[in-house]
Each structure stands twice: as C-alpha cells, then as structure tokens.
Amino acid sequence: MNREIFLSCQFKAHRDEAELEGLIQAIRASNSLSGDSTVVAEYEARLASHFGTRHAIAVSSGTAAIHAALEACITPGNEVLVPVIAVPMTVNAVLQAGGKPVFYDRGERGFIPCLDSLERYRSDRARVVLTVSMWGYPAIDEALLEFARHHHLVIIEDTAQGLGTVNRQRFEGTIGDIGCFSTHEFKLMSTGEGGFVLTNHEEVATRIRSFSRIGFDAKRGGFGHRPGINYKLSSPQAALGLYQLANLAAKVTQRNGKMDRWRQALLAHPRVRDFFDAPDVALNGYSAVLTLVDAEPGLARRLAETLYGRGILTDIHRYKQSYMTDFPLYQPFYQQGPYTGDKRRDFPNATRFIDSAVVLPTHDSVTPEQIDRAVLIILEELDSLGG
Ligand SMILES: *Cc1c(COP(=O)(O)O)cnc(C)c1O
C-alpha cells in the first residue's frame with residue numbers, strides 16, 4: 001500500500017542543540033570513548049540517584065539488560081514466567097539465558113500478572129517472574145510481591161516502556177528485585193541504542209556487572225573466572241543518557257499532554273473507555289491506550305488495519321502477532337505443558353485486551369494537529385461500528 005502515513009508510532013527522537021553540543025563536549029573531555037569511561041560511571045551514578053536504587057549498570061540495549069539480569073538468576077532449564085503480551089525482545093532474552101518461557105495471562109488491571117494464571121502454569125522449576133510494563137502501564141503490585149516471596153521467585157521487571165511511570169510512589173522498575181530498561185530511540189530516554197539495569201541487591205549487581213563486562217571480576221584478578229560477554233554502553237551514548245535523564249520529567253509531561261488530548265477527544269464516544277485509571281499511578285505517557293466497549297473477537301486488529309489504510313500506523317498494526325505464543329520460535333513452549341491450546345481460554349484477560357485495545361502514539365514528533373486529524377478519522381470509524 002502506497003498511501004501516505006501522516007501519523008506513525010515509529011519515529012526519530014528529537015534532539016535539541018544543547019544535547020548535541022553536550023555530546024561533542026563530552027567526547028572531547030572524555031578520557032575514553034569506551035564503556036570504561038568516567039562518563040559511563042557518572043551516568044550510572046546519576047541513574048542510581050534518580051531512581052533511588054543502590055546500583056545502576058549501563059548496558060548496550062534493553063535486551064542485553066534482560067539477558068544479563070536472567071544470567072544472574074537462573075541456570076539453563078529453569079522456567080521463566082513471561083506475560084503472553086510482551087515483545088519478542090523479552091522472550092529472546094529468556095531463550096538466550098537458557099530459560100524456558102512459560103506464558104501467563106494478565107490480570108484485570110494494566111499488565112499486572114493474573115496470580116491464578118501464574119499458579120496454574122508454573123512448575124517447581126520456575127525461578128523468575130518477568131513483568132512487562134507495556135506502553136508504560138503498571139505490571140507489578142503488592143499482591144505479586146507477596147506471591148513471589150511465598151514461592152521464592154525473583155521478580156525481573158522489563159521496564160523498557162515503563163521508564164518514568166510512578167506506581168504507588170515508586171518508579172516502575174524499582175519495585176521488584178531487578179529492573180531492566182531500554183534507551184532505544186523509541187523509548188522515553190533515547191541514546192540511540194542502550195539500556196540499564198537497576199537493583200538494590202549487591203550480589204546480583206556484581207554478577208550483572210561482571211556478565212556485561214566479559215566476566216571481569218576484580219576480586220579474582222580480572223578475566224577468565226566468570227562467564228560474560230561485552231554488553232558495555234559506550235561513553236558517547238552515556239553522554240546522551242545524562243542529557244536525556246535530566247529531561248525525562250519534561251518528556252513525561254509532554255507525552256501526558258498528548259495522551260490527554262487523545263483521551264479527551266475519544267472518551268466522549270460511547271464505544272470508548274479508558275484502559276487504566278488509578279489514582280495511585282502516574283503514567284509516563286509512553287502511549288495512550290484506550291479500549292473499545294463490547295468488542296467482538298478481532299475488532300481491535302480490524303480497526304488498526306482500517307486506520308492504517310487511512311494513514312495512521314499504530315503499534316497494534318505494527319506488531320502482527322498479539323500473543324507471544326503466535327511466534328514460530330515460541331510456539332513449542334505453548335504446545336506442551338498445562339495449556340488447553342485455546343488461547344482465548346488460556347489467556348482470557350489478554351484476549352479481552354487484544355480484542356479491544358486502541359494504542360495511540362504520543363511521542364516527540366506527534367503534533368496536536370496530527371492528533372486532531374486522526375481523531376476525526378477514528379470517530380468516523382467508531383460510528384460505523386454501530387452499537
Ligand atoms: C524496546 C523493548 C525491549 C528491548 O529493548 P532494546 O533496547 O531494543 O533491546 C524490551 N522489552 C520491551 C517491552 C521493549 O519495548
């Protein structure tokens with residue numbers, strides 16, 4: 001299709017002059033452009049202080065962050081509980097660490113796991129619950145912490161999209177045991193490629209740092225004692241990260257402004273509801289998620305296709321597979337074990353989301369005019385649904 005896309009969920013992060021100037025200055029002043037640079041150490045110190053954790057480890061991507069975190073917690077063959085609504089990067093990291101992904105359903109609120117589903121699908125080889133704060137919405141709560149404590153499960157938060165979301169006075173990604181963040185171009189902090197890990201656990205931090213630095217172990221005299229690969233972030237990326245971190249709050253405010261514009265225009269329609277509304281959560285505004293009332297199977301996907309045909313590219317259209325179990329690489333993990341094989345029965349709450357979700361972009365390059373133009377089209381399409 002050659003139609004003009006006037007509004008896309010994909011974008012190039014906006015960089016102002018001050019950021020680019022700062023980058024050049026940092027490169028000139030830096031003792032090294034590698035991951036061993038003092039700029040990287042400064043970036044890590046600022047991350048830890050901003051998010052209020054004891055340790056921050058800068059790495060080369062969000063996927064690397066999840067992989068390194070898992071390497072610190074599991075041995076090959078261990079089960080890792082993974083949400084059925086996630087992204088391939090999350091599941092690939094599990095496979096890379098030798099873990100066996102076990103897919104679970106979301107609960108009623110946001111992307112917080114359904115505890116019944118965790119209970120039903122896990123076995124005694126489960127070591128980790130991976131939570132994924134899709135589109136910036138919360139994926140963790142007190143009940144999950146309690147469940148994990150009770151069953152001796154480590155909670156690893158994939159907060160690639162949840163960076164900056166505040167969940168009951170704590171940053172998403174600092175509530176479980178380990179938080180994994182991405183600073184890829186599309187994320188709220190953008191260093192092009194990049195990521196970081198946050199944790200309060202000393203031993204876990206040491207292992208993640210060592211794994212992401214080719215197994216370097218200062219206590220034992222250097223390399224060759226521990227496993228690891230090179231997942232270091234380079235110093236120019238860290239320099240961008242320092243600037244991005246200082247601007248994170250402003251970015252959250254901007255995205256929330258766009259999110260409110262979408263909500264105010266679309267919630268007036270009788271077929272539209274808010275996906276998530278909780279007074280104790282301040283969303284980062286990664287995307288605006290709304291849901292359709294009385295959605296029959298496949299409705300949200302059909303709407304996303306229609307919108308694409310009218311110039312609006314949304315995440316729902318871009319991610320062809322909605323359930324992770326639909327990807328060929330992960331299918332085998334769904335064809336064995338405790339499942340019925342009917343996704344609608346195995347993951348009822350995820351199914352409700354997939355049938356009804358409308359995900360709208362709020363990033364740097366979305367303008368109010370684009371939102372208003374898209375709103376008219378969406379309202380037209382909603383009217384033609386009837387009901
Ligand atoms: C972007 C993303 C990742 C991976 O981050 P990269 O930096 O691209 O490797 C992982 N999980 C989620 C939910 C993401 O959105």
Side-chain angles (χ1 to χ4, degrees), residues 9-13 35 43 47 56-71 80-97 99 101 103-104 106 110-113 128-140 155-165 172-173 176 178-198 208 211-212 229-234 237-238 240-241 244 255 283-287 289 314-316 318-324 327 329-330 350 353 357 359 361-363:
C9 54
Q10 295 180 284
F11 73 111
K12 178 171 164 288
Y43 178 46
L47 286 169
I57 302 137
V59 292
S60 54
S61 73
T63 313
I66 303 166
H67 178 212
L70 284 164
E71 287 283 347
V80 178
L81 303 164
V82 186
V84 75
I85 299 177
V87 295
M89 293 74 102
T90 319
V91 194
N92 274 15
V94 174
L95 297 183
Q96 197 62 37
F103 295 100
Y104 67 80
R106 60 180 279 269
F111 292 95
I112 298 165
V128 170
V129 187
L130 243 167
T131 60
V132 185
S133 45
M134 291 297 293
W135 296 293
Y137 291 82
I140 188 166
I155 300 178
I156 299 180
E157 297 178 72
D158 174 350
T159 330
Q161 299 184 9
L163 197 167
T165 289
E172 193 82 358
I178 308 173
C180 300
F181 295 80
S182 165
T183 56
H184 176 268
E185 185 87 339
F186 295 170
K187 308 296 155 75
L188 257 87
M189 278 172 62
S190 162
T191 62
E193 301 284 353
F196 57 90
V197 182
L198 301 178
I208 294 172
F211 184 82
S212 58
I229 45 185
N230 184 358
Y231 275 161
K232 296 197 295 295
L233 188 77
S234 71
Q237 291 169 309
L240 291 176
Q244 292 277 316
R255 287 212 182 198
L283 296 171
N284 65 356
Y286 185 92
S287 288
V289 180
T314 63
D315 274 349
I316 299 292
R318 190 163 68 93
Y319 296 129
K320 297 287 176 252
Q321 273 90 348
S322 313
Y323 303 88
M324 285 297 107
F327 286 92
L329 188 61
Y330 318 138
F353 179 84
V359 177
T362 56
H363 57 69

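Each ligand, and each atom within it, is numbered from 1 in the order the structure gives. What's counted below: heavy atoms across the whole structure, side chains too, no hydrogens, waters or symmetry copies.
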If you look at every heavy atom in Ala65 and Val197, which pair is closest and at what distance? CB-CG2, 3.7 Å
Would you mind telling me which of Ile57, Ile229, Val59 makes a side chain to side chain contact (heavy atoms under 4.5 Å, CB included) with Phe211? Ile229
Taking both backbone and side-chain atoms of Thr183, is any N or O found less than 3.5 Å from an N or O belonging to ligand 1? no
Please list, in number order, the atoms of ligand 1 under 4.0 Å from a heavy atom of Ser61. 7 (O), 9 (O)
Can you confirm, on distance only, whether ligand 1 has an N/O atom lying under 3.5 Å from any N/O atom belonging to Gln161? yes
Quick one: does Val132 get an N or O within less than 3.5 Å of an N or O on ligand 1? no
Report the part of Ala160 in contact with ligand 1, treating N, CA, C, O as backbone and CB onward as side chain, heavy atoms under 4.0 Å; options are side chain, backbone, both, neither. side chain
If I apply the N/O under 3.5 Å rule, does Lys187 come out as touching ligand 1? yes
Heavy-atom contact under 4.0 Å between Ser133 and ligand 1? no
When Pro101 is tested against each of Val94, Asn92, Leu329 for side chain to side chain contact (heavy atoms under 4.5 Å, CB included), which residue passes? Val94
Mind listing the closest non-hydrogen atom pair of Tyr286 and Arg255 along with its distance? O-NH1, 2.9 Å
Can you see which heavy atom on Ala350 is nearest to which on Val84, and at what distance? CB-CG1, 3.5 Å
Checking a contact table here: which protein heavy atom is nearest atom 6 (P) of ligand 1, and how many Å away? Gly62 N, 3.4 Å
For a quick test of reading the model, state the closest non-hydrogen atom pair linking Pro138 to Leu283 and the distance between them. CD-CD2, 3.9 Å
Evaluate Thr63 for polar contact with ligand 1, using N/O atom pairs at a separation under 3.5 Å. yes
Distance from atom 10 (C) of ligand 1 to nearest protein heavy atom, with residue and atom: Asp158 OD2, 3.5 Å
Contact atoms of ligand 1, heavy-atom distance to Thr90 under 4.0 Å: 11 (N)
Is the closest side-chain heavy-atom distance between Gln161 and Ser182 below 4.5 Å? no
I need the Glu157 CD to Ile140 CD1 distance, nearest 0.5 Å. 4.0 Å
Distance filter under 4.0 Å to Val87 heavy atoms, resulting ligand 1 atoms: 10 (C), 11 (N), 12 (C), 13 (C), 14 (C)
Give the atom numbers and elements of ligand 1 that come within less than 4.0 Å of a heavy atom of Gly194. 7 (O)
Taking the side chain as everything from C-beta on, heavy atoms only, tell me whether Val132 gets closer than 4.5 Å to Val87. no
